[in-house]
Amino acid sequence: MQLNEFIKYNPVEINKLLILEGEYFGRGFSSKVKLHAVENDEMEEFLGEDIYGYGDFAWVDFDNRENLEKLEPTELAELLYLGHMFKPINSPFFEKIQNRYAYLAHDDGWFCRLYCKEYSDFQEIICNKIIDTVSTSKRRKIYPFSDDVKKELLNLANDGLLIDFNNFSKCDKSIEVPIYTIGKFLDMDEMYNNLQRNINRANYSADLVHKNKKWDIKYISKR
């Protein structure tokens, strides 16, 4: 999932980003914290950037510029550590700037460690991504996920969930998206280069099925 998809599928409007790591040099430079910020009036322009070309790219959202300028040196040090090491010293959330997310990525769309203050946001982002990906016809309505299926899907993610968008199938009455629990990976090259082997070793194999105006998970096998 690339940054522009994350913004698109998020149930909450994100219009202020504090760039912790990345090569973006926009108009919104903070003289006190000496970091670039992206605000609402330049968000569209920013999303047109070659973010993949940045390599490491990390940000947190913030509520307003005034609170950003009130950050103490220790708070700034924690933010910089978060952006550089991709993990927090204490918490990825900072009361003073009221951030809802910490987005720590490398090669946009390839690796991302995401912290969400509200677990429900993560559920909605993933489900909206699935719906948008399988919505290949405006004449065919794709219905939302029930709360139960959302919870089940995210519970599977605790064991490293692969959603195989390359091999989803559709017919007149149903759409089926293969999903597998393949374990957790921090090395995406290792995950992808041995993809079939990882799928064959999956603890769970299932299809995420859209049929009769609802989504369900149809389990195929469990190791």
Side-chain angles (χ1 to χ4, degrees), residues 1-71 75-88 92-94 96-118 121-136 162-163 165-166 185-193:
M1 185 181 296
Q2 297 176 334
L3 174 65
N4 58 0
E5 293 179 299
F6 176 81
I7 299 291
K8 176 182 178 181
Y9 301 138
N10 202 302
V12 177
E13 182 180 7
I14 302 174
N15 53 30
K16 293 181 177 65
L17 309 181
L18 179 65
I19 309 299
L20 305 178
E21 193 77 27
E23 299 181 1
Y24 180 69
F25 304 105
R27 302 187 297 273
F29 184 75
S30 168
S31 59
K32 181 175 180 181
V33 300
K34 299 190 183 302
L35 292 170
H36 286 273
V38 182
E39 298 199 43
N40 189 47
D41 61 345
E42 59 178 318
M43 184 66 72
E44 184 176 351
E45 177 184 341
F46 171 68
L47 292 176
E49 288 275 310
D50 177 23
I51 296 171
Y52 179 88
Y54 292 174
D56 285 348
F57 174 61
W59 57 265
V60 294
D61 55 309
F62 63 97
D63 58 349
N64 62 66
R65 180 60 69 103
E66 289 75 19
N67 288 340
L68 191 63
E69 299 299 334
K70 294 176 184 176
L71 286 169
E75 294 170 313
L76 177 58
E78 287 197 32
L79 279 164
L80 293 174
Y81 183 90
L82 177 67
H84 186 67
M85 298 301 295
F86 280 27
K87 60 183 180 181
F93 306 111
F94 298 82
K96 193 166 289 181
I97 63 173
Q98 293 292 299
N99 67 304
R100 197 178 180 103
Y101 308 103
Y103 185 101
L104 315 168
H106 176 76
D107 291 345
D108 185 34
W110 185 242
F111 174 87
C112 180
R113 176 175 285 171
L114 173 68
Y115 293 93
C116 293
K117 200 168 189 177
E118 301 294 335
D121 290 352
F122 185 63
Q123 288 182 324
E124 293 301 320
I125 291 165
I126 297 300
C127 291
N128 289 339
K129 161 76 173 181
I130 294 169
I131 290 171
D132 192 52
T133 302
V134 302
S135 298
T136 56
L162 171 70
I163 303 173
F165 291 120
N166 287 332
F185 289 85
L186 290 178
D187 186 336
M188 292 296 102
D189 291 300
E190 179 186 349
M191 183 279 294
Y192 186 75
N193 291 336

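What you see is a predicted model, and the numbers here were worked out from it, not measured in a lab.
A pairwise comparison of heavy atoms in Gly83 and Leu20 identifies CA-CB, 3.9 Å as the closest pair. For Arg65 against Ala37, the heavy-atom pair with the smallest separation is NH2-CB, 3.8 Å. Nearest heavy-atom pair, Phe86 versus Ala105, reported as atom, atom and distance to 0.1 Å: CZ-O, 3.2 Å. Nearest approach of Asn40 to Glu13, heavy atoms of both residues: OD1-OE2, 4.1 Å. For the pair Asn64 and Asn67, the tightest heavy-atom approach, listed with the atom from each and the gap, is OD1-N, 2.8 Å.
No side-chain heavy atom of Met188 sits less than 4.5 Å from a side-chain heavy atom of His106. Contact check for Phe46 versus Leu3: side-chain heavy atoms found under the 4.5 Å cut-off. Contact annotation: the side chain of Asp187 never approaches that of Phe111 to less than 4.5 Å [non-hydrogen atoms, C-beta and beyond]. Side-chain contact check for Leu76 versus Lys34: every heavy-atom pair is 4.5 Å or farther apart. Taking 4.5 Å as the limit, every side-chain heavy atom of Asn4 sits out of range of all side-chain heavy atoms of Ile51. Looking at Tyr115 and Leu104, their side chains come closer than 4.5 Å, going by heavy atoms from C-beta outward. Side-chain contact between Leu114 and Phe122 is present, with heavy atoms from C-beta onward closer than 4.5 Å. Annotation: side chain of Ile163 is in contact with side chain of Ile126 (closest heavy-atom distance under 4.5 Å).
To the nearest 0.5 angstrom, Leu18 atom CG is 9.5 Å from Asn99 atom CG. Expressed to the nearest 0.5 Å, how far CG of Leu71 lies from CZ of Phe62 amounts to 10.0 Å. Atom-to-atom distance recorded for Ile97:CD1 and Leu68:CG is 6.5 Å, nearest 0.5 angstrom. From His36, atom NE2 reaches atom CG of Leu17 across 13.5 Å, with rounding to the nearest 0.5 Å. Of the inter-residue distances, the one linking Trp110 atom CH2 with Met191 atom CE reads 5.5 Å to the nearest 0.5 angstrom.
In this structure Lys8 satisfies the side-chain hydrogen bond (donor to acceptor under 3.5 Å, both in side chains) test together with Asp132, sequence neighbours excluded. Every residue meeting the side-chain hydrogen bond (donor to acceptor under 3.5 Å, both in side chains) condition with Glu75, not counting sequence neighbours, appears here in chain and number order: Lys96. Take Glu124 and apply the side-chain contact (heavy atoms from CB on, under 4.5 Å) test, not counting sequence neighbours, and it matches Pro11, Asn128, Lys150. For Asp50, the side-chain contact (heavy atoms from CB on, under 4.5 Å) partners two or more places apart in sequence, or in a different chain, are Tyr52. Residues satisfying the side-chain hydrogen bond (donor to acceptor under 3.5 Å, both in side chains) test with Glu49, not counting sequence neighbours, are Tyr54. Not counting sequence neighbours, Asp56 has no partner by the salt bridge (charged side-chain N to carboxylate O under 4.0 Å, His left out) test. By the ring-ring contact (aromatic ring centres under 6.0 Å, His included) test, Phe94 pairs with no residue at all, sequence neighbours left out. With sequence neighbours excluded, the residues forming a salt bridge (charged side-chain N to carboxylate O under 4.0 Å, His left out) with Lys129 are Glu5, listed by chain and number. In this structure, Glu23 has no salt bridge (charged side-chain N to carboxylate O under 4.0 Å, His left out) partners at least two apart in sequence or on a different chain. Applying the ring-ring contact (aromatic ring centres under 6.0 Å, His included) test to Tyr103 and every residue at least two apart in sequence or in another chain returns Phe6, Trp59. Residues passing the salt bridge (charged side-chain N to carboxylate O under 4.0 Å, His left out) test with Asp121 are Arg100, sequence neighbours excluded.
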**Item:** Leu35 and Ile19: CA distance, side-chain angles, deciding distance, side-chain contact (heavy atoms from CB on, under 4.5 Å) verdict
**Value:** CA-CA 6 Å; Leu35 292 170; Ile19 309 299; 6.0 Å; no
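A distance-only check finds no donor-acceptor pair linking the side chain of Asn15 to the backbone of Met43 [under 3.5 Å].
Other residues, nucleotides and ligands place no more than 12 heavy atoms under 6.0 Å from the OH atom of Tyr192.
Sorted by first and then second residue, the salt bridge (Lys or Arg N to Asp or Glu O under 4.0 Å) pairs with a member in residues 76-86 form an empty list; sequence neighbours excluded.
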